[in-house]
Amino acid sequence: MSAPDFFRQQQQAFAATLAQQAGAATLASQLLAQAADSFGANVAQQCADEPPLACGRGCATCCTLRVSATAPEVLAVAAFLRAVQPRLLSRGVDLVGQVRAADAATHGLGEAQRVALRQRCPFIAQGVCVIYAVRPLACRGHASHDLRACAEAAAGRRDEVPFSPGHRLVRALVQGALQSALRDAGLAWGAYELNAALLLALDDDATEAAWLAGQDPLSDAALDDVPADEMTRVFDALK
């Protein structure tokens, strides 16, 4: 299947979910689950001719990078954190506090500054991602064929890493299709810096309702790496 055909298929599937579940309290979590399933079901085929991945359990070498996420991803992770926070607090782990500390250290920094700071993702514990089940597409689509190159890049000794082009392509198509469907449904569809957006969602219980009502309650954490009008032209061309 060509990339435009795959994009259209995904966009129509997200549009159907948005139409069927409009206003549902579980919409964000459903959209993230759908995006994750779509990514997982297609990435292996796209990467069939690539070398083996060097990524594995316990490797968090790239987890100092800035993570971008759409509103459904942010809201789904926020819901997950609310659910697990009481149990973690009883064990002496303040996961939300770790997000606040990480955001305080990195808020407003660009990608290059973020990498140079080497601030570890607040969700990494003993090399394992605590939110792995609900991690954003940005994390799912970031995979490497060379662990040593990743380590050297993380240490500032290397600029290029042999990332998996298949992972990146499928992530871009699935996320773009989701954003296109959100835009058509009249919902905020931009990308946000994960930690800052999570704090906005966690600090205001009305955030999800505001998003469902067509507002953009995460706008203070918005990223503008790609102008909205440029993304709109790409989405429309692919559709």
Side-chain angles (χ1 to χ4, degrees), residues 25-33 35-37 39-40 53-111 113-144 147 150-151 153-156 191-211 217-223:
T26 58
L27 178 59
S29 294
Q30 289 184 60
L31 289 171
L32 174 56
D37 287 346
F39 177 87
L53 293 179
C55 308
R57 184 178 177 84
C59 179
T61 308
C62 67
C63 297
T64 57
L65 301 176
R66 186 188 67 184
V67 176
S68 66
T70 60
E73 296 172 286
V74 171
L75 295 169
V77 175
F80 178 85
L81 291 178
R82 287 193 181 98
V84 302
Q85 178 74 348
R87 183 177 179 183
L88 290 175
L89 283 174
S90 69
R91 299 182 177 183
V93 178
D94 182 4
L95 199 55
V96 175
Q98 292 174 196
V99 177
R100 292 191 192 283
D103 182 62
T106 62
H107 195 86
L109 295 183
E111 184 65 44
Q113 294 171 305
R114 183 75 167 259
V115 172
L117 188 63
R118 300 174 195 166
Q119 173 72 39
R120 179 60 59 89
C121 172
F123 300 118
I124 300 299
Q126 297 180 340
V128 176
C129 176
V130 179
I131 63 166
Y132 192 80
V134 293
R135 69 199 188 280
L137 287 168
C139 300
R140 298 171 194 268
H142 197 82
S144 168
L147 179 58
C150 290
Y192 309 91
E193 195 281 323
L194 180 61
N195 292 340
L198 277 174
L199 293 178
L200 291 171
L202 290 167
D203 290 343
D204 186 351
D205 291 338
T207 298
E208 188 158 5
W211 177 72
L218 305 176
S219 60
D220 285 347
L223 298 173

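- Partners of Arg140 under the side chain to side chain donor-acceptor pair (under 3.5 Å) rule, at least two apart in sequence or in another chain, do not exist in this structure.
- Remark: the backbone N or O of Pro122 is paired with a side-chain donor or acceptor of Gln98 at under 3.5 angstrom.
- Annotation: side-chain contact (heavy atoms from CB on, under 4.5 Å) contacts of Asp203 (sequence neighbours excluded): Arg100, Leu199.
- Of all heavy-atom pairs between Thr207 and Pro217, the closest is O-CG, 3.4 Å.
- Applying the side chain to side chain donor-acceptor pair (under 3.5 Å) criterion to Gln85, with sequence neighbours excluded, gives Asp94.
- In this structure, OG on Ser29 lies 9.0 Å from CG on Leu27, to the nearest 0.5 angstrom.
- Contact check for Val67 versus Cys121: no side-chain heavy atoms found under the 4.5 Å cut-off.
- Every residue was checked against the side-chain contact (heavy atoms from CB on, under 4.5 Å) condition with Ala25, not counting sequence neighbours, and none meets it.
- The two residues Ala83 and Pro86 have their closest heavy-atom pair at O-CD, 3.8 Å.
- Checked against side chain to side chain donor-acceptor pair (under 3.5 Å), Thr106 has no partners two or more places apart in sequence or in another chain.
- The nearest pair of heavy atoms linking Ala105 to Leu117 is O-CD2, 3.4 Å.
- Shown here are the side-chain contact (heavy atoms from CB on, under 4.5 Å) partners of Ala28, two or more places apart in sequence or in another chain: Pro72, Leu75, Glu208.
- Rounding to the nearest 0.5 Å places CD of Glu193 at 8.5 Å from CG of Leu198.
- Residue pairs meeting the salt bridge (charged side-chain N to carboxylate O under 4.0 Å, His left out) criterion with at least one partner in residues 65-84, sequence neighbours excluded, are Arg66-Glu111, Arg66-Asp225, Arg82-Asp205.
- When all heavy atoms are compared, the tightest approach of Tyr192 to Thr70 is CD1-C, 4.1 Å.
- Interatomic distance, Leu95 CG to Leu89 CG, rounded to the nearest 0.5 Å: 9.0 Å.
- Nearest heavy atoms, Val74 versus Ala69: CG2-CB, 3.9 Å.
- Every residue two or more places apart in sequence or in another chain that forms a side chain to side chain donor-acceptor pair (under 3.5 Å) with Thr26 is listed here: Gln30.
- What you find for Ala78 and Leu202 is that their closest heavy atoms are O-CD2, 3.7 Å.
- Annotation: side-chain contact (heavy atoms from CB on, under 4.5 Å) contacts of Asp220 (sequence neighbours excluded): Leu200.
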Please report the C-alpha distance between Ser68 and Leu194 in whole Å, then the side-chain angles of each, then the deciding distance to 0.1 Å, and finally whether the side chain to side chain contact (heavy atoms under 4.5 Å, CB included) criterion is met. CA-CA 6 Å; Ser68 66; Leu194 180 61; over 6 Å; no

